[in-house]
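The structure under discussion appears below in the form of structure tokens.
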Amino acid sequence: MKITCRKKIAETFKKSALLIPVYKGINLSDEVVGEHLISAIEPILNGDDFIFEKGYTSSLFIELGNKMRRVYLVNVPKEPGEYREYMEIGYEFAKLIKKDRVSDFSVISLEDIYNDDKDLMHSKYFIEGVLAGSYQFLKYNTNPPSTTLEEIEIITSLPKQKKFVDQISSEILTTFENINILKDAVLTTSNELYPMSYAKMMEDMLPDNISMEVIANDELLNNKLECIYTVGKGSVNKPCLVKMHYQGAPNTKANIAIVGKGITFDTGGENIKSMASHMHFMKSDMTGAATMYAVIRSAAQLKLPVNIYAYLPLAENKVSSTSINPGDIITAASGKTIEIHNTDAEGRLVLADALFLATQTEPEVIIDIATLTGGVVVALGELMAGFFANRRFLAKSLEDTSFNISEDVWELPLYEHYEKHLKGTHADLQNIGLQTLSQGGTIFSALFLKQFVDNYPWIHLDIAGVGFTSSEHPWLGKGATGFGVRLLLEFIKKDYLQKQ
Ligand code: BES
Ligand code: MN
Ligand code: ZN
């Protein structure tokens with residue numbers, strides 16, 4: 001996949017198709033589009049039958065230089081709108097050309113269309129939408145379609161635009177390479193992707209500037225990681241903790257810690273999931289780990305000046321003669337004892353150990369991401385993540401980044417009056433709040449995690465809804481969405497890069 005930017009007249013395009021952004025009343029310039037093409041499409045745009053409507057695209061064949069060439073007229077907002085609109089347009093366009101088996105295209109830059117080079121970001125979000133929409137998971141398809149997207153060529157008359165696209169294209173491609181690795185892992189089924197095989201897959205793709213350590217099975221107990229061990233002990237596919245370190249700012253000790261829930265399959269354990277819970281979706285319960293792998297891998301490939309520790313607890317939550325019995329009491333890495341009242345609340349257990357480890361490097365911030373509760377889907381639906389933060393400034397900063405990057409989050413409260421319900425009968429803690437699981441379940445899960453982060457600045461994102469969608473997200477897609485990678489990379493870039 002390539003992203004290029006050229007100064008030329010659109011009608012001389014060489015790619016398989018040309019995209020022209022249009023809106024009602026648009027005045028296309030000869031210099032950008034070319035006389036021939038303008039005389040061919042102006043009557044169409046000025047005719048009564050053309051549909052100027054959001055989301056509508058006209059697909060035409062136009063004679064140019066004695067050949068019939070494919071041209072798409074794509075509706076865009078009349079005035080430069082919010083970035084997400086362009087991501088959505090790019091996403092929809094990618095789906096359309098997938099159907100038309102178009103493997104490369106030229107597009108007249110949005111900034112040329114708006115005749116405005118002050119804000120060049122519309123093109124960036126459009127490209128990101130195209131990359132999101134062109135993802136395909138064909139691993140198990142014995143008869144795969146032949147087209148994949150190979151090139152996006154931006155046509156512009158603006159010198160600034162060319163410089164900008166050349167500058168950002170490698171960064172966008174790196175980020176999406178990693179988002180696609182994430183999606184592949186999430187969609188790969190649990191007979192192939194289980195804790196140790198997943199650790200191996202990550203190692204096989206590890207950039208040289210990340211170091212990785214795996215603490216596997218019995219070693220977990222020697223390292224006092226009993227929560228991770230216990231959640232995974234019911235499966236023949238043994239659990240492990242993957243630790244990664246990227247040192248992009250060797251001159252400082254300052255570091256950040258990232259943690260991702262990696263349950264490679266969640267049956268619920270002895271508290272087995274019901275039919276209604278669509279258990280087959282639970283291959284996606286390692287989305288958090290996949291997200292954080294994508295974040296640290298991108299940061300390392302982009303050589304960001306920041307030190308990152310990643311902790312990815314991997315386990316399969318199964319039912320067998322060796323699995324947890326409800327009521328069992330275990331000791332977490334922090335030393336706190338936990339009564340396991342519900343074996344389906346396993347994510348918070350593996351995170352408890354990982355979060356405690358994360359505190360050990362005295363990080364500036366700990367960020368965790370997890371498909372943690374069905375409750376967050378009830379509260380917010382599938383288009384946004386719920387999040388919690390123990391500092392106001394963190395919440396504010398994440399919200400700002402989230403809006404800019406078009407990955408939506410909504411803050412939920414770490415409501416202290418609920419904390420008492422997490423006290424165990426005979427242990428320090430129990431892993432669920434109230435027996436009526438539908439009351440404030442997402443809040444209880446976050447309050448449980450809070451017990452393990454000491455008082456370090458901390459953000460917890462619950463992506464049970466948006467990480468893996470059953471209906472289509474308008475620009476991140478259906479199924480594995482890759483939500484969180486762009487958000488967290490931008491968040492880190494904004495607030496945590498070290499001066500070199
Ligand atoms: N992995 C699930 C959460 C989940 C639910 C993710 C739906 C994606 C879609 C998690 O381990 C879980 O089972 N949570 C329980 C907790 C409850 C037993 C306290 C839940 O939310 O129902
Ligand atoms: Mn569960
Ligand atoms: Zn789970």
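Atoms within each ligand, like the ligands themselves, are counted from 1 in listed order.
- On a distance-only criterion, Asn342 and ligand 1 share no N/O pair closer than 3.5 Å.
- The shortest separation from a heavy atom of His278 to ligand 1 is not under 4.0 Å, leaving the residue out of contact.
- Taking the six-membered ring where tryptophan is involved, the planes of His122 and Tyr86 are perpendicular, since the angle between them exceeds 60° and thus also 30°.
- Because the distance cut-off is set at 2.8 Å, Lys261 qualifies as a neighbour of the Zn ion (ligand 3) through one of its N, O or S atoms.
- Checked by atom type, the side-chain pair Thr442/Thr373 shows a donor-acceptor distance below 3.5 Å.
- At least one N or O atom of Lys261 sits closer than 3.5 Å to an N or O atom of ligand 1.
- With hydrogens and angles left out, the side-chain atoms of Asn178 and Gln301 include a donor and acceptor closer than 3.5 Å.
- The distance from ligand 1 to the heavy atoms of Thr371 drops below 4.0 Å at these ligand atoms: 1 (N), 2 (C), 3 (C), 6 (C).
- Closest to atom 20 (C) of ligand 1 among all protein heavy atoms lies Gly374 N, 3.7 Å.
- Side chains of Glu177 and Asn180: no donor on one and acceptor on the other come within 3.5 Å.
- Sorting the N, O or S atoms of Glu346 by how far they are from the Zn ion (ligand 3) puts OE2 first.
- Side chains of Asn222 and Tyr229: a donor-acceptor N/O pair is absent below 3.5 angstrom, by distance only.
- The proximity of Asp266 to ligand 1, defined as any non-hydrogen pair under 4.0 Å, is limited to the side chain.
- In terms of distance to the Mn ion (ligand 2), the nearest N, O or S atom of Asp266 is named OD2.
- Relative ring orientation between Phe105 and Phe93 is described as perpendicular, the plane-to-plane angle rising above 60° on a 0-90° scale split at 30° and 60°.
- Here the protein heavy atom with the shortest distance to atom 6 (C) of ligand 1 is Ala464 CB, 3.6 Å.
- Looking at Val231, Thr343, Val378, Leu372, it is Leu372 that brings a heavy atom closest to atom 3 (C) of ligand 1.
- Contacts with ligand 1 closer than 4.0 Å are made by no heavy atom of His341, backbone or side chain.
- Here Asp344 has heavy atoms under 4.0 Å from ligand 1 in both its backbone and its side chain.
- Thr148 and Gln136 form no side-chain donor-acceptor contact under 3.5 Å, judged by distance and modelled atom types alone.
- Considering only non-hydrogen protein atoms, atom 9 (C) of ligand 1 sits nearest to Met282 CE, 3.5 Å.
- Enclosure of atom NE2 in His426 is not indicated, since only 12 or fewer non-hydrogen atoms of other residues, nucleotides or ligands lie within 6.0 angstrom.
- Contacts between Gln435 and ligand 1, counted as non-hydrogen atom pairs separated by less than 4.0 Å, are absent for every part of the residue.
- Under 4.0 Å is where a charged nitrogen must lie from a carboxylate oxygen, and between Lys261 and Glu346 at least one such pair does.
- Looking from atom 17 (C) of ligand 1 to the surrounding protein, the closest heavy atom is Leu437 CD1, 4.2 Å.
- Applying side chain to side chain donor-acceptor pair (under 3.5 Å) to Tyr91 and the options Glu472, His473, Glu128 leaves one that passes, Glu472.
- The nearest N, O or S atom of Asp285 is not closer to the Mn ion (ligand 2) than 2.8 Å.
- When the options Thr287, Thr267, Asp285 are ranked by their closest heavy atom to atom 1 (N) of ligand 1, first place goes to Asp285.
- The pair Lys273-Asp266 meets the salt-bridge criterion, with a side-chain N (NZ, NE, NH1 or NH2) lying under 4.0 Å from an Asp/Glu carboxylate O.
- Below 4.0 Å from some heavy atom of Glu346 lie the following atoms of ligand 1, by number and element: 11 (O).
- Taking every heavy atom of Arg348 and a limit of under 4.0 angstrom, the matching atoms of ligand 1 come to 16 (C), 19 (C).
- Near Ile432, meaning under 4.0 Å from one of its heavy atoms, ligand 1 places the atoms 19 (C).
- Judged by a 6.0 Å distance limit and a 45° cone about the ring axis, Lys336 is positioned over the six-membered ring of Phe452.
- For Glu346, the N, O or S atom with the smallest separation from the Mn ion (ligand 2) is OE1.
- Under 3.5 Å, the side chains of Tyr140 and Glu192 contain a donor-acceptor pair of N or O atoms.
- In summary, the side chains of Asp368 and His460 do present a donor paired with an acceptor at a separation below 3.5 Å, with no hydrogens or angles considered.
- Between Met286 and ligand 1 there is no heavy-atom distance shorter than 4.0 Å.
- Between the OD2 atom of Asp285 and the OD2 atom of Asp266, the angle taken at the Zn ion (ligand 3) works out to 90° after rounding to 10°.
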